[in-house]
Amino acid sequence: MMASMATKMERLISPLRAGDLDCPAGWPGGGLAARIPCLAEGHDAALEGLIARASLADPEGPDHPKRVGQIAAILAEEFGLEEALRELLARAAALHDIGKMALPEGVLGHRHVLDSDERRLMEQHTVLGANILAHATVRWMRLAAVIALMHHERWDGSGYPLGLAGEEIPLAARLVAVADVYDALRSDRPYKDAQDHGQALSALLGGDSRIQPGQFDPRVLDALRRREADIEAVPR
């Protein structure tokens with residue numbers, strides 16, 4: 001089962017073709033290997049720009065999306081994904097909330113838990129984010145579109161926007177769902193204080209007033225248990 005999911009993930013974020021690499025004139029070297037640093041530099045510049053733009057509207061700031069990507073990549077290692085795929089996942093996962101920058105002014109930054117109308121409006125960030133990224137041809141950004149759309153889907157079918165359940169939800173989105181909630185629990189918000197690592201872990205694995213373990217892929221929670229020390233060590 002793990003191998004099957006890894007194969008599906010590899011297809012989703014398969015390596016770029018040589019013709020997709022577009023480096024500036026005069027970039028040293030002519031072979032594919034020599035051009036990889038240029039590709040990575042271009043990806044990083046695009047990623048930083050998108051995160052910075054989204055962070056202007058989102059009080060969570062630029063560090064939350066980056067940590068979510070790092071945590072998702074740690075969890076992905078437990079599913080047998082090789083390093084190159086984990087790096088692509090981390091890059092794509094950092095854009096999971098990019099749709100928030102397209103929400104109407106005033107939706108973000110509330111100092112209270114959202115009411116039902118505010119919540120429905122906030123939930124639109126998933127579709128908005130996927131629309132922002134949907135026409136990208138770069139593979140990691142195509143994966144980012146999938147994650148943006150589906151990272152609030154739940155294993156038990158109670159999520160949004162599509163109400164998917166179980167393995168209908170792509171593995172990448174299931175990994176990001178856990179990473180996102182963990183880091184949100186560890187972070188200050190206008191309406192709550194940050195929890196420590198143990199408290200966040202307890203909420204995800206045992207549930208609390210707002211979170212139930214059944215909303216997450218149990219295998220991703222198992223990965224969280226196994227890698228909790230590495231996840232706690234992600235710089236904050």
Side-chain angles (χ1 to χ4, degrees), residues 1-2 4-14 50 54 57-58 60 64-65 68-69 71-73 75-76 79 81 85 88-104 107-108 113-185 203-204 207 210-224:
M1 180 65 72
M2 292 290 189
S4 174
M5 284 188 291
T7 299
K8 291 177 182 177
M9 185 75 158
E10 186 169 4
R11 290 195 189 114
L12 185 57
I13 49 178
S14 57
L50 287 167
D58 191 347
E60 292 181 350
H64 167 71
V68 168
I71 294 166
L75 295 172
F79 286 78
L81 294 182
L85 295 178
L88 286 175
L89 173 62
R91 197 181 299 274
L95 298 179
H96 67 284
D97 275 342
I98 192 171
K100 288 183 178 180
M101 72 181 189
L103 290 170
V107 175
L108 301 172
V113 176
L114 301 180
D115 63 29
S116 58
D117 290 338
E118 292 167 336
R119 171 58 59 186
R120 280 193 293 271
L121 189 55
M122 173 68 79
E123 289 175 358
Q124 290 301 308
H125 80 275
T126 55
V127 177
L128 293 169
N131 285 340
I132 289 169
L133 299 165
H135 302 293
T137 57
V138 178
R139 303 299 173 83
W140 69 266
M141 291 185 71
R142 289 169 56 193
L143 177 62
V146 172
I147 292 171
L149 180 65
M150 300 184 184
H151 69 284
H152 282 293
E153 299 290 352
R154 294 181 174 181
W155 186 257
D156 60 11
S158 65
Y160 64 87
L162 303 175
L164 302 179
E167 292 190 3
E168 292 178 327
I169 308 165
L171 174 60
R174 286 181 264 145
L175 293 166
V176 171
V178 170
D180 185 28
V181 172
Y182 170 85
D183 194 73
L185 291 170
L204 279 160
R210 298 183 63 192
I211 298 169
Q212 293 301 318
Q215 71 191 64
F216 305 108
D217 181 342
R219 287 162 296 184
V220 180
L221 292 183
D222 286 343
L224 177 66

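Shortest non-hydrogen contact noted between Ile132 and Gly99 is CD1-CA, 4.2 Å. Nearest heavy-atom pair, Ala130 versus Leu149, reported as atom, atom and distance to 0.1 Å: CB-CB, 3.7 Å. Taking each heavy atom of Leu75 and Ala179 in turn, the nearest pair found is CD1-N, 4.4 Å. Nearest approach of Ala94 to Pro65, heavy atoms of both residues: O-CB, 3.0 Å. A pairwise comparison of heavy atoms in Gly129 and Ala148 identifies C-CB, 4.0 Å as the closest pair. Looking at every heavy atom in both residues, Ala172 comes nearest to Leu143 through CB-CD1, 3.8 Å.
For the pair Lys100/Leu128, no side-chain contact is recorded, criterion being any heavy-atom separation below 4.5 Å from C-beta on. A 4.5 Å side-chain heavy-atom check between Arg174 and Arg219 finds at least one atom pair inside the cut-off. Side-chain contact between Glu167 and Trp155 is present, with heavy atoms from C-beta onward closer than 4.5 Å. Between Asp217 and Ile169 there is no side-chain heavy-atom pair separated by less than 4.5 Å. No side-chain heavy atom of Thr126 sits less than 4.5 Å from a side-chain heavy atom of Glu153. By the 4.5 Å heavy-atom criterion applied to side chains, Leu224 and Phe216 are not counted as neighbours. Contact of the Leu85 side chain with the Phe79 side chain is not registered, since no non-hydrogen atoms from C-beta on lie closer than 4.5 Å.
Taking the six-membered ring for Trp, His96 and His152 have ring centres at least 6.0 Å apart.
Side-chain atoms of Glu168 come within 3.5 Å of backbone atoms of Ala165 as a donor-acceptor pair (strictly under, hydrogens ignored).
Interatomic distance, CG of Leu121 versus NE2 of His125, reported as 11.5 Å (0.5 Å rounding). Taken from CG in Leu89 to CG in Leu81, the straight-line distance is 7.5 Å, to the nearest 0.5 Å. Taking CE from Met122 and OH from Tyr160, the interatomic distance works out to 8.0 Å, rounded to the nearest 0.5 Å. Interatomic distance, Trp140 CH2 to Ile147 CD1, rounded to the nearest 0.5 Å: 10.5 Å.
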Assess whether side-chain contact (heavy atoms from CB on, under 4.5 Å) is satisfied between Asp97 and Val68, documenting all intermediate values. CA-CA 10 Å; Asp97 275 342; Val68 168; over 6 Å; no
Evaluate Leu88 against Arg139 for side-chain contact (heavy atoms from CB on, under 4.5 Å), listing each step before the verdict. CA-CA 9 Å; Leu88 286 175; Arg139 303 299 173 83; 6.0 Å; no
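With sequence neighbours excluded, no residue satisfies salt bridge (charged side-chain N to carboxylate O under 4.0 Å, His left out) with Asp156.
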